[in-house]
Amino acid sequence: MKRILFATILGLWIAASATGPSAMAQRPAPIEPALRARLDQTAPGEHLPVIVVMADQLNPAGVPGTSRRERRRNLVRQLRSRASLRQVALLGQLQAWRRDGRVSAVTPLWILNAVAVTGDRPAIEALARFPGVARVMADTTLSAPALPGGAPAEPNLQAIGAPALWALGYAGQGVTVASLDTGVDASHPDLAASYRGGANSWFDPYGQYASPHDPNGHGTWTMGVMVGGSAGGTAIGVAPQARWMAARIFNNAGSSSASVIHQAFQWLLDPDGNPATDDAPDVVNSSWAFGTPGCDLTFAADIQALLAAGILPVFAAGNYGPASGSSVSPANNPGAFAVGAVDNSGAIYGGGSRGPGACDGAVYPAVVAPGVSVRTSDLYGLYYAPTGTSIAAPHVAGGLALLLSAFPGLAPEQQRAALVGSAIDLGPAGPDDTFGAGQIDLLAAFNLLASGALPTATPVPPTVTPVPPTVTPVPPTATPVPPTATPVPPTATPV
């Protein structure tokens, strides 16, 4: 009986599309071509994961608020409210199909008014015709960044001017940075003390680990660059007095999906599930990308939501160089801040992706930062010196934490303008598609903001003792132990 009912509903929708009102008759089939090709190859009863995006989308930039806290609260409430209103009929139908076995998984995604669904071909095709649905796309699979090798680290923190801000008393105090990565080893002596803690500081969408954990190592590397301390005899983090939180977007096999990453982005906006509390991070680092160069706007709505919440999304530019036009998504999406890699002498990292940006033709990357043989925290309390744009990006995220500790009210565009406008020009004069605007210079960015050249507030006097600026990197004292789980090889060069 249930199968007959399903077929009847599907038949009615097909008939309505053919003979009903003109709006329905003229609406193009919203199944994206890549998904259509996969559907045509599915066996009867086979289930595929998809994301069903509703037509009624909120413009995050239009959400009002007299302060960042109020805008974040209003943004989360409006996103949740719109999704709840527009998805109610769809979720009801999906629940019925789930009982019938046509659908095996349903996850609402309020950050982009969509629903992640795993179902068979008839269900997916029916969803494409459901009233209010804009499009249905495949739930893309992503691979965790690979674990590159490296040599003893050079003085990367001095190269970007971090110790100069420490000497002024700004070391990231009062700022929370977040990582979307493979997780974090919170037991590392350089990271343990700065973990924000609480139920709203760790997100594992796979439900495997109740507290921060990293079976891979990549996320521990990037977090060490952002906020690592000096337990190993030298300071390794750009913002050692900032706090951290993290979402583990890659599973133990080193893979993820678009729906999981959407969940992580929306968790960042409202970690405790209560829009009335402002517990979102101030800075977000993403050292990952899709598997091939080109423009993919899967996470464009997530990026716009972060910007509306006052967060500049920092992304690794990708390791697809040295060819031009090798930008990757989401780093090349509008609003994202892409970071390329140089060594500590300012020479470009040969493997870094180059512009122009595939999505908008803009200069790519935005800036560069040290990313060659950078000493940072590793699993089991050890240290490592990896290379790649994955390691360059957290220099910018940590640098933003320093600037936000001095200027707490900086909007994303002010943050972007300060970093770009103060960068040390490298390569050809002016911005280019190898170095972007140049290497970040945090002291110059601070001075630019303090000068009033960019509209901003007066620096807030530091309330903590400055971090000693005279740190000298030392070689690792132990050989890293291989992670307990081998990542699935990425579909292309890792970030």
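- A donor-acceptor contact shorter than 3.5 Å is absent between the side chain of T389 and the backbone of A316.
- Note on E125 versus R129: no salt bridge recorded, every NZ/NE/NH1/NH2 to OD/OE distance being 4.0 Å or above.
- If you look at W288 and F315, their ring centroids are closer than 6.0 Å.
- Residues meeting the side chain to side chain donor-acceptor pair (under 3.5 Å) test with S81, sequence neighbours left out: none.
- A donor-acceptor contact shorter than 3.5 Å links the side chain of D282 to the backbone of T176.
- By the salt bridge (charged side-chain N to carboxylate O under 4.0 Å, His left out) test, D270 pairs with R80, sequence neighbours left out.
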Self-check item: Check against salt bridge (charged side-chain N to carboxylate O under 4.0 Å, His left out), E32 and R135
Solution: CA-CA 7 Å; E32 295 195 340; R135 67 185 189 277; 3.6 Å; yes
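- Here the closest heavy-atom approach between residue T222 and residue P394 is recorded as O-CB, 3.4 Å.
- Closest approach of A423 to A437, counting heavy atoms only: CB-O, 3.6 Å.
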Quiz item: Are N333 and T298 close enough, and set up right, to give a side chain to side chain contact (heavy atoms under 4.5 Å, CB included), and what steps lead you there?
Solution: CA-CA 9 Å; N333 284 190; T298 296; over 6 Å; no
Quiz item: Going through the distances and angles, do N285 and S179 end up as a side-chain hydrogen bond (donor to acceptor under 3.5 Å, both in side chains)?
Solution: CA-CA 5 Å; N285 185 78; S179 167; 5.4 Å; no
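- Side-chain N/O atoms of N332 and S327 include a donor and acceptor closer than 3.5 Å.
- Residues satisfying the ring pair (Phe, Tyr, Trp, His ring centres under 6.0 Å) criterion with Y206, sequence neighbours excluded, are absent altogether.
- Contacts of E70 classified as side chain to side chain donor-acceptor pair (under 3.5 Å), with partners at least two apart in sequence or in another chain: T66.
- Contacts classified as salt bridge (charged side-chain N to carboxylate O under 4.0 Å, His left out) and involving residues 199-211 (residues at least two apart or in different chains) are given here: D204-R248.
- Applying the side chain to side chain donor-acceptor pair (under 3.5 Å) criterion to R82, with sequence neighbours excluded, gives D56.
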Scan the side chains in residues 357-367 for donor-acceptor partners under 3.5 Å anywhere in the protein, sequence neighbours excluded, and list what turns up.
residue: D360; atom: OD1; partner: A362; partner atom: N; Å: 3.0
residue: Y364; atom: OH; partner: A317; partner atom: O; Å: 2.5

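- In this structure a side-chain-to-backbone donor-acceptor pair under 3.5 Å is present from Q57 to L112.
- In this structure, a donor-acceptor pair under 3.5 Å is absent between the side chains of S377 and H188.
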Self-check item: Worked verdict on F203 versus Q263 for side chain to side chain contact (heavy atoms under 4.5 Å, CB included)
Solution: CA-CA 9 Å; F203 178 60; Q263 292 178 61; 4.2 Å; yes
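- Judged as a salt bridge (charged side-chain N to carboxylate O under 4.0 Å, His left out), and not counting sequence neighbours, D214 has no contacts.
- Checking S287 against H218 by side-chain atom types alone, no donor-acceptor pair falls below 3.5 Å.
- Of all non-hydrogen atoms in L191 and G228, the two that sit nearest each other are CD2-CA, 4.0 Å.
- Minimum interatomic distance between F250 and S256 (heavy atoms only, all atoms of both residues): CD2-CB, 3.6 Å.
- At least one donor-acceptor pair under 3.5 Å links the side chain of Q415 to the backbone N or O of L410.
- The backbone N or O of G183 sits nowhere less than 3.5 Å from a side-chain atom of D181 that would complete a donor-acceptor pair.
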Side-chain polar contacts of residues 299-314 - donor-acceptor pairs under 3.5 angstrom, sequence neighbours left out - could you list them?
residue: D302; atom: OD1; partner: H262; partner atom: ND1; Å: 3.0
residue: D302; atom: OD2; partner: H262; partner atom: ND1; Å: 3.0
residue: Q304; atom: NE2; partner: P334; partner atom: O; Å: 3.1

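- Looking at W244, its side chain never comes within 3.5 Å of a backbone N or O of V177 through a donor-acceptor pair.
- Across every non-hydrogen atom of P64 and N74, the tightest pair is O-ND2, 3.0 Å.
- Checked by atom type and distance alone, the side chain of T182 pairs as donor or acceptor with a backbone atom of G219 at under 3.5 Å.
- For R98, the side chain to side chain donor-acceptor pair (under 3.5 Å) criterion is met by no residue, not counting sequence neighbours.
- Side-chain atoms of S353 come within 3.5 Å of backbone N or O of G318 as a donor-acceptor pair.
- Partners of R38 according to the salt bridge (charged side-chain N to carboxylate O under 4.0 Å, His left out) rule, which considers only residues two or more places apart in sequence or in another chain, do not exist here.
- Formation of a donor-acceptor pair under 3.5 Å by the D378 side chain with backbone atoms of T220 is not found in this model.
- For R354, the salt bridge (charged side-chain N to carboxylate O under 4.0 Å, His left out) test picks out no residue, with sequence neighbours left out.
- Put simply, the side chain of T376 gets close to the backbone of V225: a donor and an acceptor are under 3.5 Å apart.
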